[in-house]
Participant: 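Structure below; questions to follow.
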Amino acid sequence: MAKMEVKTSLLDDMIGVGDMVLLEPLNEDSFINNLKKRFDHNEVYTYIGSVVISINPYRSLPIYTPEKVEEYRNRNFYELSPHIFALSDEAYRSLRDQDKDQCILITGESGAGKTEASKLVMSYVAAVCGKGAEVNQVKEQLLQSNPVLEAFGNAKTMRNDNSSRFGKYMDIEFDFKGDPLGGVISNYLLEKSRVVKQPRGERNFHIFYQILSGASEEFLCKLKLERDFSRYNYLGLDSARVNGVDDAANFRTVRNAMQIVGFMDHETQSVFEVVAAVLKLGNIEFKPESRANGLDESKIKDKNELKEICELTGIDQSVLERAFSFRTVEAKQEKVSTTLNVAQAYYARDALAKNLYSRLFSWLVTRINESIKAQTKVRKKVMGVLDIYGFEIFEDNSFEQFIINYCNEKLQQIFIELTLKEEQEEYIREGIEWTHIEYFNNAIICDLIENNQTGILAMLDEECLRPGTVTDDTFLEKLNQVCATHQHFESRMSKCSRFLNDTSLPHSCFRIQHYAGKVMYQVEGFVDKNNDLLYRDLSQAMWKANHSLIKALFPEGNPAKINLKRPPTAGSQFKASVATLMKNLQTKNPNYIRCIKPNDKKAAHIFNEALVCHQIRYLGLLENVRVRRAGYAFRQPYEPCLERYKMLCKQTWPHWRGPARAGVEVLFNELRIPEEEFSFGRSKIFIRNPRTLFKLEDLRKQRLEDLATLIGKIYRGWKCRTHFLLMKKCQVVIASWYRRYSQQKKYQKIKSSAITVQSYIRGWKARKLLRELKHLKRCNEAATVIAAYWHGTQARRELRRLKDEARNKHAIAVIWAFWLGYKVRREYRKFFRANAGRKIYEFTLQRIMQKYFLEMKNKIPSLSPIDKNWPARPYLFLESTHKELKRIFHLWRCKKYRDQFTDQQKLIYEEKLEASELFKDKKALYPASVGQPFQGAYLEISENPKYKKLKDAVDEKIIIAEVVNKINRANGKAASRIFLLTKNNVLLADQKSGTIKSEVPLGDVTKVSMSSQNDGFFAVHLKEGSEAASKGDFLLSSDHLIEMATKLYRTTLSQTKQKLNIEISDEFLVQFKQDKVCVKFIQGSQKNGNIPTCKRKNNRLLEVAVP
Ligand SMILES: Nc1ncnc2c1ncn2[C@@H]1O[C@H](COP(=O)(O)OP(=O)(O)O)[C@@H](O)[C@H]1O
Ligand SMILES: [Mg+2]
């Protein structure tokens, strides 16, 4: 439960004071006591305003868990107890929300916990920034770059088991949302001398030990290495193993990290090959050999190691061997080769090893940068994390310490600039009342080192470039001359030195009073290390290596790119890169973590007050507190301040029309902020106490919540109202529709009941009426019946009376007639008997006949011969008379009809008669021909110009001109021909051209045959032996068969006085050339319509199917 309690201020459960600004009284003792008290209670972080002091606990504390991350996430800086996470969160949020690039400056002595702090910052930022597969990969790569660089760049030193031997500045890049995009790492001067030599109790870089402990046998064998550390000269033996460090496990971590960062397998392999080569280089030993010319010469003792190195790196053994024995100096197109003595050979070997290693390290940084660089070109926000080697004071301090300490000097400078100087200057600039606070400004020390003319680095460079013999001593001499009077420089060499009698200062040393203490530097090696010389023979040998990585590490070895210009010295390079770094840091919003080392023993729970006091002093922390206390914790230009807090006051919310400063004044008055808590600068408001700011922030938060509630309220009100109005509208619509519907229903019901009632009433009325009408009708009927009966009775009675009367009359008449007849007969009986009967009979007959004829006269039918009407016969005995009369009348009217005819008509009827005689009842085709007038010339031969030739050839009168089908005797197919009949001849001509095909005199026509059926086929038989008969008889078909046959018959009769034989039979023979073929007519199917089909069945049979 205790964990769940949420602190709302760093004042809650505070041990000592969490913020030194609150310390009372403020002096060094209370400061240290407060730190100690907190340290003893595991509170390793303390604030000075926004600066975090971190004391290295030298043991792992449970304050970096994910729960802690969550606790500090998005909380105000002073809300919780001091923590590095609070600073990280502040920096990250400021970057994300206020778009300010950040840098985290971590300073402190070696072993004070800078590297750890930088890692904590990075892991915190990684934990709170965006998530997602891509982002996580970026984060992972950024974080995993640390183990790789630490393995290659860190080593155990006297002060720190994991001391960074290089400076590192890492820019983490974020997008506008605060998601990490990538990063850029810059490295500063690796302490490469460590590769070949380590001070007592220290180790070489971790990677060497890691390979030997962690690599598999197989891998070691591949690298031609042995597991035994003592086999390698470059590995200091006395501290090969470090307590609490598992090199083997770390090796696996490094390999894994390399894989995550994106190293390819072959790249990793190459890297380890180079590491192995460096290690093995140390084992090459030289022995002196005197030469005849008296010069010393060196020789490799055991070439086995050399051979293995060459195998590993693909360098030609002889090339490397030569590079270790000779040195070629090129001057003015002249090459001079000199031999190397043993010392020179060792120097060359070590130079090669150092260069190989440091270049490998730079390559690693470049390679990592390649992997972690941001992939997009969008605008980036940057958070820089600076973890540089800490201030170092060793027994023997050399060039490296000089450089490292210079760097720390510069960082202190930037701290002073930004927190002490800049801040105080700002108060003056803004016109705030201010009493200046004294502090030590280390600018003078920086100047001692980096001044372009008189600075130590400048002089070292000058010395290195000077012709003539240059040694470390000449350099020291020069230093003594130039810097003797400098306050922070001490040396015994200078004549009038204040330190002539200072025995603690050896002659070969100089001492600098750094901001963090006096450091004595051994001048030995300064020139060499600054020169950083690698014989050209060696770089060329490396370039020739059959190993792509090594080749790439020594581009200057390429003979094609020989550059006689000296490369910049190590010192000037470092100075330049530090200057760039400082410039870079100044553009960003700084966040300080000041690391303090509690003891020199790397031990937990020990708080060495003297040591801490020293660090507090040189870090200027007390001054820092003083400036902070005297000054203002927070400042902000008026406009953004008003913009941020205007909602806290009615006058300024929502809009303030006047100047921003006046607005802020109104605001602060309204909020009743005590006057001593703030000051109005020229352009900024200064707030003294963070608590005031937090109060403002809390009010703002509260107000924002109120505003949000208000907005929410209004919105909800609006929403509910809109909803309500909508519902109301809907309700009205629904109600109206419902009312309409229900009224409709009701109306319908009423209507239908009305109709029902109405219909019942109508029905009732109608029934009533019907009943009445029926009654009336029945009454009427009854009356009628009664009347009818009455009339009937009357009528019958009358009838009976009349009948009786008539009967009586008739009886009287009959009786009278009988009586008369009787009387007459009695009287005339005697005359009557002889002929009266006959006479009466004849008279009666006559009377009847007369009457018959008189009636016939009136009933006589029309004069049309085809009128079949005839009156009925009145008396049976007139039967024969009646028939005869009919016959006579018919003959008479036929004659009458005939008498009207002209001669031509007569001829036509004669022909028709002839046809009738010839074909009636014989040929089925005949009845159809009766109605058709005979035309003869169907074809207008004389008129049609096409037949002009035909017309000319025939000079006689044409009786028939018609198109007929000539049946091909071979296959029964029909072909059109013109059939012409003249007085003397029968002609067949081609239908198209009119050419005469055959001409037969009528005398040669013997017979015409045809079927009895309804077809137009006919055969014209020719006289045997006649000229025309040579081709055989004609089998033709025509629509006007009856006419043609009749005309042929008549013409033949008139011309030859012989009757043409017309044979009507369903089977007849036709002469075809030599053969006689039987033409047979059968009843065919109707599939071709009404057209008869003709088919040759065999030699002797031609079958015509007639439908
Ligand atoms: N916050 C911490 N918690 C626990 N141990 C720490 C912490 N900071 C530093 N250390 C210990 O101190 C050692 C030195 O810290 P390091 O960061 O390497 O120092 P620097 O980089 O300042 O030289 C680390 O190896 C670690 O054992
Ligand atoms: Mg470090």
Side-chain angles (χ1 to χ4, degrees), residues 144-156 161-162 165-166 190 192 194-196 198 202-284 304-315 352-354 356-361 363-365 367-368 371 545-550 553:
Q144 290 300 325
S145 66
N146 279 328
V148 181
L149 291 180
E150 282 191 13
F152 285 86
N154 288 21
K156 173 192 150 63
D161 288 348
N162 182 31
R165 307 317 295 162
F166 67 106
L190 181 76
K192 59 188 170 190
R194 183 168 298 271
V195 174
V196 297
Q198 306 91 39
E202 300 199 355
R203 284 212 313 183
N204 208 328
F205 292 102
H206 294 326
I207 190 67
F208 294 113
Y209 305 94
Q210 288 177 355
I211 289 192
L212 296 187
S213 325
S216 63
E217 288 297 340
E218 191 193 356
F219 192 54
L220 280 183
C221 184
K222 222 175 184 179
L223 297 177
K224 301 185 194 299
L225 292 176
E226 286 167 54
R227 211 177 276 290
D228 186 3
F229 294 165
S230 63
R231 278 277 293 112
Y232 299 100
N233 295 338
Y234 277 168
L235 301 184
L237 271 186
D238 47 345
S239 58
R241 303 235 174 249
V242 182
N243 280 345
V245 174
D246 182 352
D247 285 319
N250 286 346
F251 183 65
R252 287 189 288 278
T253 311
V254 170
R255 289 206 68 161
N256 185 39
M258 284 174 91
Q259 205 174 7
I260 291 173
V261 171
F263 281 84
M264 308 295 230
D265 283 348
H266 72 267
E267 285 174 328
T268 316
Q269 172 76 18
S270 299
V271 167
F272 289 126
E273 277 166 8
V274 175
V275 174
V278 170
L279 205 50
K280 290 169 85 64
L281 267 178
N283 286 358
I284 295 181
N304 203 29
E305 204 75 43
L306 182 75
K307 185 170 150 259
E308 284 185 357
I309 291 173
C310 292
E311 280 168 7
L312 256 182
T313 57
I315 303 173
L352 179 61
K354 286 190 281 185
L356 252 181
Y357 192 81
S358 69
R359 289 174 191 218
L360 173 69
F361 187 74
W363 180 86
L364 281 172
V365 173
R367 178 66 188 79
I368 290 172
S371 280
N546 188 15
H547 189 282
S548 54
L549 177 56
I550 295 181
L553 294 181

Participant: Drop me the distance from L549's CG to R359's CZ, to the nearest 0.5 angstrom.
Facilitator: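 Going from the CG atom of L549 to the CZ atom of R359 covers 12.0 Å.
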Participant: For D265, does the CG atom have more than 12 heavy-atom neighbours from other residues, nucleotides or ligands under 6.0 Å away?
Facilitator: no
Participant: Quick one: pull up CG in L279 and NZ in K224 and give me the separation to the nearest 0.5 Å.
Facilitator: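 It is 14.5 Å, given to the nearest 0.5 Å.
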Participant: How long is the gap from CG on N546 to CD on E311, to the nearest 0.5 Å?
Facilitator: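 Rounded to the nearest 0.5 Å, the CG-CD separation comes to 13.0 Å.
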Participant: How close do L190 and S358 get, counting heavy atoms only, and between which atoms?
Facilitator: CD2-CA, 4.0 Å
Participant: For S213 versus A248, what's the shortest heavy-atom pair and its separation?
Facilitator: O-CB, 3.8 Å
Participant: Where do V195 and A353 come nearest, in terms of heavy atoms and distance?
Facilitator: CG1-O, 4.2 Å
Participant: Identify the two heavy atoms, one from S371 and one from G262, that lie closest to each other, and give their separation to 0.1 Å.
Facilitator: OG-CA, 4.0 Å
Participant: Determine yes or no for a side-chain-to-main-chain donor-acceptor pair under 3.5 angstrom, with N204 supplying the side chain and L235 the backbone.
Facilitator: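 Not confirmed, N204 side chain does not pair with L235 backbone.
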Participant: Can you say whether the rings of F361 and F166 are parallel (under 30°), tilted (30 to 60°) or perpendicular (over 60°)?
Facilitator: perpendicular
Participant: Are side-chain heavy atoms of H206 and N162 found at a separation under 4.5 Å?
Facilitator: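 The answer is yes, as the side chains (C-beta and beyond) meet within the 4.5 Å cut-off.
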Participant: Taking atom CG of N250 and atom CD of E150, what is their separation to the nearest 0.5 Å?
Facilitator: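 Those atoms lie 9.5 Å apart.
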Participant: Decide ring pair (Phe, Tyr, Trp, His ring centres under 6.0 Å) for F229 and Y209; before the verdict, give the C-alpha distance in whole Å, the side-chain angles of both, and the deciding distance to 0.1 Å.
Facilitator: CA-CA 7 Å; F229 294 165; Y209 305 94; 5.4 Å; yes
Participant: Looking at every non-hydrogen atom in both residues, tell me the closest pair between L312 and L223 and how far apart they are.
Facilitator: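 Heavy-atom minimum between the residues: CD1-O, 3.3 Å.
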Participant: I'd like to check the side chain to side chain donor-acceptor pair (under 3.5 Å) partners of N283; sequence neighbours left out, ordered by chain and number.
Facilitator: none
Participant: So do Y232 and F208 actually touch side chain to side chain, heavy atoms under 4.5 Å?
Facilitator: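 When only atoms from C-beta onward are counted, Y232 and F208 do not touch, as no gap falls below 4.5 Å.
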Participant: Could you state the interatomic distance from CG (L220) to CG (D228), rounded to the nearest 0.5 Å?
Facilitator: 11.5 Å
Participant: Is any side-chain heavy atom of I284 less than 4.5 Å from a side-chain heavy atom of L281?
Facilitator: yes
Participant: In plain terms, say whether E217 and R227 are close enough for a salt bridge, that is, a side-chain N and a carboxylate O under 4.0 Å apart.
Facilitator: yes
Participant: Do R165 and F205 form a cation-pi contact, if we require the NZ or CZ to be under 6.0 Å from the six-membered ring centre and within 45 degrees of the ring's axis?
Facilitator: no
Participant: Given side chains that start at C-beta, do those of I315 and I309 come closer than 4.5 Å, heavy atoms only?
Facilitator: no
Participant: Does G153 offer a backbone N or O that forms a donor-acceptor pair with the side chain of R194 under 3.5 Å?
Facilitator: no
Participant: Evaluate the criterion side-chain contact (heavy atoms from CB on, under 4.5 Å) for residue pair E273 and I550; output intermediate values, then yes/no.
Facilitator: CA-CA 10 Å; E273 277 166 8; I550 295 181; over 6 Å; no
Participant: Atom NZ in K354, atom NZ in K192: separation rounded to 0.5 Å?
Facilitator: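 Spacing of NZ (K354) from NZ (K192) equals 7.0 Å.
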Participant: Mind checking side chain to side chain donor-acceptor pair (under 3.5 Å) for E308 and listing every partner two or more places apart, or none if nothing turns up?
Facilitator: K280
Participant: Kindly state whether the ring of Y234 and the ring of Y357 have centres lying under 6.0 angstrom apart.
Facilitator: no
Participant: Shortest non-hydrogen contact from S145 to V261?
Facilitator: N-CG2, 3.9 Å
Participant: Less than 4.5 Å apart, any side-chain heavy atom of F272 and any of I207?
Facilitator: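 The answer is yes, as the side chains (C-beta and beyond) meet within the 4.5 Å cut-off.
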